[in-house]
Amino acid sequence: MIGLVSRLNNMSTGQVVAIWIVVAVILGIGAVAFIQNRDTGESAAEVELEEGQQLVQVVRGDLVNQITSSGSVVFPNRQEVSFGLAGTIGEILVSEGDSVTAGQELARLDATTVTNLERDLAQADADLQRSRETLEELMEPPTALEVVEAEAAIAKAELAVQNAQEALQEIEDPFTQEEIDEALADVTSAEEALAEAREDVQATIDEHAEKVQAAVDALDEVKAAYQEVVTNFLGQTLTEADYRLSPGEFFTAYGIDLNTFFSDVQLEDAVTSVLPLTPGPQSELDDPETPWDEFTVYRWIALYPGAIYGNCDGISTAPQDVCVLQDMERVWSKVDAAQDAVDTAWDNAEKAEDNANKAVDSAEDALESAEERLEEVYVTSDNLEVQVKVHDVAVAKAKLDDARVKLDELDDAPDETTVSLRQAQIAANEASLTLAKEQLQLVTLVAPFAGQVSAVHMGAGDTLNANAANNAVLEIVDTTVAEVDARLDEIDVLNVQVGAEVVVELDGLPGAGLPGVVREISQTGENQQGVVTYPIQISLQTPPLLQLREGLSATANIVLQQESDVLLIPVTSIAGTVAQPTVLVSVDGDVMERAVALGASDGFWMVVTEGVSEGDSLVSTGGVGDAPNFGNTARLGGLGGLGGPAGLGGGAGNLTPEQRQALREQFRQAGGFGGQGAGAGGGQRGQRGQGAGQ
């Protein structure tokens, strides 16, 4: 009883009201059964019932154990559709809320975008044809005519070279051809030497830049070590000029007398008394006018266990003693050496660059001299015809070289690398052509499936940028596939499995239940103000002509267990123990105890498999949960077992029309149940179930 009260306290007001309504129904059924027994000849006076007891009948019906959850209708199949390429939208052919069929045109790009895509397609096709022709020419073997023509071209070029050379020799000139060729060769050599010299300048700069950087890095490292020593003794940050001073010069520059600086003379009695590391005096001891930190110096003097000397020259020191000047000189010597190394690296770099630039200057001078010599040869001859003949010879030789190369190409097989490159180019052109065709097909946006336009994001004239080509133009939902998004509490979720049958009732469609199946149960609960719930998705089977709308409020009755055509008795009529349950049967005015075998229960009704028969009259306490051994057989999830026509409870199917009308009146006065009776899953007022007695 305590467990039941606790469950009632955790229920909503509607659930509690529904439970007490069921109690009223049970009492009404008992009263009807009593009237029925009286009409058959049994006298109520013959059965002596204690206070709070009543007679109820064993009825045959269906036991449905279910739970109820509220949610809303959603359409899970939805898709954002887009053109998938850059361009400008020409027109949108549908509006929000329109129904569309699969493949129906939804939008088109503008004429300019289509024209550009057609141009790209034509260009891609032309490029592919050109690359194929190039490969075919490469792979075809030379014909006999081509070989003969190449050989004839060589012979013709050789004759042209010979004629040009003879024509040049026939011209009188103080300079021989050998001298002219030599002057030309000198100019070429001078140009090559100048190019190499300029390359050497850059190489020299790069090489010495690395060396200078390495020296600078080494200097920075020893500077850091030197700064660490100065910080340790003086608490002072060095300037760049300080690194150029030896420790002796450093102390002189700052007016530090090492003979007294690290001695007790520095400490006054008042300072000595506060030095045991108390946090207050440190800022008072430091003189902001000096670059060093007096507190660091005082700490050495007052706290160092050994002796500290500014300068240990001529002093015999112990191993634990500290010599400030000598320690700083030891590290500074490395700084000085590293600084020298940096200076040396810079000097070497400057010298190397100067030498390289001198080589460039020399090469430029040599080129200038060679060009002057060549000009002197031409000018001295004072014969333009000589120059023309020289060029004629050069051209004839170049043509001869080309003719020989072409003949060699005819004789040689195609190079594998060249063939591979041509084939790769063809593959790339084919891919470009395929892409161009696909993009041209995308100028019209079509529906991927039949459904309804749920949103239109863009309009005519809107631009799809290249970096946002996948921007959604509109959204389509499939309204033929509906689901209910609902929630279960952490107790109910343990009893529900994926695939469980569900009857879904819509607030906007009273009196009709839609079949469904639990499709998914979340593995993670959500905690809101201490209440843990688990989201579930329920697939709906909707009639072909029923058009649902997203967001409709829905109540899902999830069937946990169902037994059909079984004998049912109220749990309040059960006595005995769990091991041996019994009931009190009224037979001919006498009350007898019988052992029974029990089956499933929904918390209010219990299946009985042995011990009683349909129509037997049982003694019931009439209260909810008065049988503690049986009242919690199933979780108190609602009002299963109170089905039957017109919302009547289990067993009502055996009543006369007058008795049915009386019970309907009781339901009406108690607040009423709708449709097919209160199911075992919700206990919410006005819900419909699949209770016993249907």
Side-chain angles (χ1 to χ4, degrees), residues 175-231 237-250 253 328-380 387 390-391 393-395 397-398 401-402 405 415 417-418 421:
F175 296 99
T176 65
Q177 182 62 41
E178 182 179 356
E179 291 174 325
I180 296 174
D181 292 341
E182 182 179 353
L184 289 170
D186 289 343
V187 171
T188 301
S189 298
E191 290 175 342
E192 294 175 352
L194 177 59
E196 291 178 358
R198 288 172 175 169
E199 291 177 357
D200 290 342
V201 170
Q202 187 59 48
T204 300
I205 292 173
D206 293 341
E207 177 185 357
H208 284 275
E210 293 178 358
K211 294 180 180 180
V212 169
Q213 185 60 50
V216 170
D217 291 342
L219 177 59
D220 290 341
E221 183 176 350
V222 294
K223 278 183 176 181
Y226 186 50
Q227 175 64 72
E228 184 177 351
V229 172
V230 173
T231 301
T237 301
L238 296 174
T239 66
E240 195 62 33
D242 292 340
Y243 290 107
R244 293 283 185 174
L245 301 176
S246 68
E249 294 170 339
F250 173 80
M328 289 180 59
E329 286 178 339
R330 175 177 51 79
V331 180
W332 181 84
S333 63
K334 297 179 181 179
V335 175
D336 189 42
Q339 185 64 59
D340 290 342
V342 170
D343 295 340
T344 301
W346 275 113
D347 291 342
N348 292 339
E350 292 174 354
K351 291 178 182 178
E353 185 176 357
D354 289 342
N355 292 334
N357 286 327
K358 289 178 181 179
V360 171
D361 294 340
S362 298
E364 290 176 344
D365 293 341
L367 176 60
E368 184 179 357
S369 299
E371 289 174 342
E372 290 175 355
R373 172 59 180 166
L374 180 61
E375 184 178 358
E376 180 184 352
V377 170
Y378 286 141
V379 173
T380 303
Q387 299 180 32
V390 169
H391 287 295
V393 172
V395 170
K397 288 182 177 180
D401 292 338
D402 288 342
V405 169
D415 179 71
T417 301
T418 304
L421 290 175

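One is the number of the first residue; the rest follow in order along the sequence. Because the structure is a prediction, the values reported are computed rather than measured.
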Please report the shortest heavy-atom distance between [X] and [Y], naming the atom on each side.
X: Ala190; Y: Ala370; answer: CB-CB, 4.3 Å
X: Ala349; Y: His208; answer: CB-CB, 3.5 Å
X: Tyr226; Y: Val335; answer: CB-CG2, 3.6 Å
X: Glu353; Y: Thr204; answer: N-CG2, 4.1 Å
X: Arg244; Y: Glu249; answer: O-OE1, 4.2 Å
X: Ala363; Y: Leu194; answer: CB-CA, 3.5 Å

Which distance, rounded to the nearest 0.5 Å, do you find between the [atom1] of [X] and the [atom2] of [Y]?
X: Trp332; Y: Asp242; atom1: CH2; atom2: CG; value: 12.0 Å
X: Lys211; Y: Thr344; atom1: NZ; atom2: OG1; value: 12.0 Å
X: Glu371; Y: Leu374; atom1: CD; atom2: CG; value: 8.0 Å
X: Leu367; Y: Glu372; atom1: CG; atom2: CD; value: 10.0 Å

For a 4.5 angstrom cut-off between non-hydrogen side-chain atoms, does Leu238 reach Phe250? yes

Glu221 vs Asp217 side-chain heavy atoms within contact, under 4.5 Å: no

With the threshold set at 4.0 Å, does a side-chain nitrogen-carboxylate oxygen contact exist between [X] and [Y]?
X: Glu240; Y: Lys223; answer: yes
X: Asp200; Y: Lys358; answer: no
X: Arg198; Y: Glu364; answer: yes

Judged by modelled atom types alone, do Asp186 and Ser189 share a side-chain donor-acceptor pair under 3.5 Å? no

Can a donor-acceptor pair be found between the side chains of Ser333 and Glu329 at a distance below 3.5 Å? no

Assess the residue pair Glu192 and Thr188 against the criterion (side-chain hydrogen bond (donor to acceptor under 3.5 Å, both in side chains)); give the C-alpha distance rounded to whole Å, side-chain angles, the decisive distance to 0.1 Å, and a yes or no. CA-CA 6 Å; Glu192 294 175 352; Thr188 301; over 6 Å; no

Going through the distances and angles, do Asp181 and Lys397 end up as a salt bridge (charged side-chain N to carboxylate O under 4.0 Å, His left out)? CA-CA 14 Å; Asp181 292 341; Lys397 288 182 177 180; 5.8 Å; no

